[in-house]
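Accompanying notes for the structure given below.
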Amino acid sequence: MRVFRPGTKLGRTTLWLGGLSVLLLVLRWITGSASGSKLSGWATFITVVFTFCAFLLAFRWARPHLMWRLRNRLSVTYIFIGVIPILLLLVMAGVGSYLFAGQFAAYSAISNLQSELQHLEAANDALAAQLSTLERSGNLDEQIAGKLATVSGENFPQRTVTVWRGEKGFVLSTGGDLFEARPAKVPDVIKGNFTGFVIDRDTLHLRVVKRYDGGRLPLTVISNVPITPELLQTSTSRLGSVTLIPPDREGKLELPPPATASPTARKSVDAGRVPPPSNRFDRTIRFYTLFNAVDWETGRSQTAAIGVVTRPSMLYTILFATLDDEATKILRYGLFGIAIFFGLIELVALYIGIQLSRSMTLSVAELYSATEHVNRGDLTHRIQVRSHDQMAALEESFNSMTESLAKLVAEQKEKQRLESELAIAHEVQDLLFPHEFTGLASLEVYGVCRPARSVSGDYYDFIPLGTHRLVLAVGDISGKGISAALLMATVHAFVRAYSLEPNMVLTPVASGVGAFSSGDSRMYYRGDGITQSQLAPGMLMTTLNYQLFRSTPHEKYATMFLGCYDATVRELKYCNAGHLPPIMLRGNGEVSRLETSGTVVGLFDGATYDESTIAMQPGDIFVAFSDGVTEPENESGEFGEDRLIELIQEHRHQPLSRIGDVITGSVADWIGDAEQPDDVTIVLARAR
């Protein structure tokens, strides 16, 4: 299984970590190691690392599988762009609302205590001012001070007042058993007046200190009110449950759940209870906040906590206490209306997002399905265009592409068919050219044709007539390609037929108007007194012109050179119909051209052709060629007849096949990387 043979480093690492983790866990179970032992620690560590690596491996595997489909990608994109920000905003709004509600409730509770503290400070300042006046007049005693304290403490039934005259202190009044009636000495770290929360004898108090130094002795008046559930009644009636938690004696603060007994060294204060919810959304809010309190024994500032358990309905009542019921309803319904409106907008946005995602994924799915059809070779499949957006334009473009591909494939098949037919035509045409023809005993011949395209419009042939005569034919058909090749085959057939069957050749009558008769005396003659007639090239060319003119389109024609070599007299009788004049290179280096020429064949009706005779001595080389040999150009100009003659003279003693290869190779080098402009045809004959 591939699970036990992973191909990645992460996979192999995960596999080894998994095996090691299992081994360590088994060893821990067998040995019964405690949770704090080294073996247990290593087992836990390896297991955690293995879990992390396995998670990464699973993520790597799941990511390409889950994210392959565009719909999944768009869904994830929509979640990250549209859903997660809204969720984050909702979470932020919820957390913010919770923090605001909790802090507001705690602030309301602590504000009530601050208000009590301010009232206590005002009462203490008034009492201290009266006692200071008595001190300056020398009339201050404990009895008078007690009466004044009783009058000023009507609003604080549990207040305790301590008066220090110099180093002597006494308690003026006490609030029952809540606080021991003894003088409370001010810590040395507290200089001047003081107002705040203090921790004294493990409980929280409101305490105010006022000092006067104008009398006979320094006067210090201390008012103290213990924080009790009765003192928190104002807060609890509006908020619910309130808990004050002092730190322990080491200054550490532990926050147990509100309204729950705490085993701390110092006493917490619990007051009130949470009323039942007014509706299903009226959830409980639990919140803690901190405030500073002074440890009265040491004078150090410590951190205490106040916990509030309330409900949104109670906070709502506090916030809008100044509004009447009608205004409150209007505000509440307005907020509900805004929330519903925003919710509808979100639903509409969700619907639009789903529809857009669906349309895009549907288009991509259809495009993918269409590519699968194309991959299977089905180019007839078309995508149904349903919209007018960019995806629709892409679908239309794909349909247009498949249609163009179908046409291209059809054209390619047609092209392959034509190329196959051209290859067959090339093979057939190649059979028309003479191969491995040794010539006569006194005449060596060689021919080569290099087509510019698959088939050639050039023509050459060697036709033996008995053992002493040979017909040499060289032609160039107008145009290129298939049409020229077909006309070349026609010319080949005519020349062979009329050369091998001379009785078929017709000659013009005396009137010269398109009529022919058979067996004309001008066509054959008996030069040697034997029974076989000698071929007349001029009469054969005339007959060929007659046939081509009537069997081919008027714009088609051919240039043609026909020669008949007679080995008994070493003469070449020839006729030229518009072809490039062949060249005769004599053994002594003399160069001559066979200039006798007439018009092209197949273009004019009734054309007649003259013929000439030239003798050939041993060593003479006859060269016939097409314009594809001498007319190719490069930056130096045309190849030219002079360069052709120079090449033949340079290699004249080599075999004719070698001379032909040298000429065709030189022409190819002259053309270079450019396309061959025309067929290259060379016919060589050397007397021996």
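Nearest heavy atom pair, residue Leu684 against residue Ile682, reads CG-CG2, 3.7 Å.
For the atom pair CG (Asp610) and OG1 (Thr542), the distance works out to 9.0 Å, reported to the nearest 0.5 Å.
No donor-acceptor pair closer than 3.5 Å links the side chain of Ser420 to the backbone N or O of Gln416. With hydrogens and angles disregarded, no donor-acceptor distance shorter than 3.5 Å links the side chain of Ser369 to the backbone of Ala365. At distances below 3.5 Å, at least one donor-acceptor pair connects side-chain atoms of Asp679 with backbone N or O atoms of Ala452. Under the 3.5 Å distance criterion, the side-chain polar atoms of Tyr609 are left unmatched by any main-chain donor or acceptor of Met541. Judged by distance alone, with hydrogens and angles left aside, the side-chain atoms of Asn399 form a donor-acceptor pair with the main-chain N or O of Ile383 at under 3.5 Å. Side chain of His651 to backbone of Val662: no donor-acceptor contact under 3.5 angstrom is found. The backbone N or O of Phe604 sits less than 3.5 Å from a side-chain atom of Asn545, completing a donor-acceptor pair. Of the possible polar contacts, one joining the Ser626 side chain to the Thr681 backbone as a donor-acceptor pair under 3.5 Å is found.
Side-chain rings of Phe622 and Tyr574 stay apart, their centers remaining 6.0 Å or farther from each other.
Residues passing the side-chain hydrogen bond (donor to acceptor under 3.5 Å, both in side chains) test with Glu396, sequence neighbours excluded: none. Arg417 is linked by a salt bridge (Lys or Arg N to Asp or Glu O under 4.0 Å) to Glu414, Glu421, counting only residues two or more places apart in sequence or in another chain. Under the salt bridge (Lys or Arg N to Asp or Glu O under 4.0 Å) criterion, Arg586 pairs with Asp620, not counting sequence neighbours. Contacts of Glu555 classified as side-chain hydrogen bond (donor to acceptor under 3.5 Å, both in side chains), with partners at least two apart in sequence or in another chain: none. Under the rule for a ring pair (Phe, Tyr, Trp, His ring centres under 6.0 Å), Phe625 has no partner lying at least two apart in sequence or in another chain. Residues satisfying the salt bridge (Lys or Arg N to Asp or Glu O under 4.0 Å) test with Glu675, not counting sequence neighbours, are none. In this view, Tyr557 and Ser478, Val600, Leu603 satisfy the side chain to side chain contact (heavy atoms under 4.5 Å, CB included) rule, not counting sequence neighbours. With sequence neighbours excluded, the residues forming a ring pair (Phe, Tyr, Trp, His ring centres under 6.0 Å) with His381 are His373, listed by chain and number.
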Identify each donor-acceptor pair in which a side-chain atom of residues 588-595 lies under 3.5 Å from a protein atom, sequence neighbours left out, and give them as a table.
from, atom 1, to, atom 2, distance (Å)
Asn588, OD1, Glu590, N, 3.0
Arg593, NE, Glu641, OE1, 3.1
Arg593, NH2, Glu641, OE1, 3.0

Give every donor-acceptor pair under 3.5 Å between a side-chain atom in residues 632-639 and any protein atom, sequence neighbours left out.
from, atom 1, to, atom 2, distance (Å)
Asn634, OD1, Ser636, N, 2.8
Asn634, OD1, Gly637, N, 3.4
Asn634, ND2, Trp670, O, 3.0

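Between Met560 and Cys575, every side-chain heavy-atom pair lies at or beyond the 4.5 Å cut-off. No side-chain heavy atom of Val445 sits under 4.5 Å from any side-chain heavy atom of Tyr565. At least one side-chain heavy atom of Met616 sits under 4.5 Å from a side-chain heavy atom of Met584. In this structure, Pro582 and Val683 have side chains that are not in contact, with every pair of non-hydrogen atoms separated by 4.5 Å or more.
Sorted by first and then second residue, the side-chain hydrogen bond (donor to acceptor under 3.5 Å, both in side chains) pairs with a member in residues 10-21 read Ser21-Thr47; sequence neighbours excluded. Counting only residues at least two apart or on different chains, the salt bridge (Lys or Arg N to Asp or Glu O under 4.0 Å) pairs with a member in residues 443-461 are Glu444-Arg686, Asp461-Arg496.
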_Does Thr568 form a side-chain hydrogen bond (donor to acceptor under 3.5 Å, both in side chains) with Asp566? I'd like the steps, not just the answer._
CA-CA 6 Å; Thr568 57; Asp566 189 346; 2.6 Å; yes

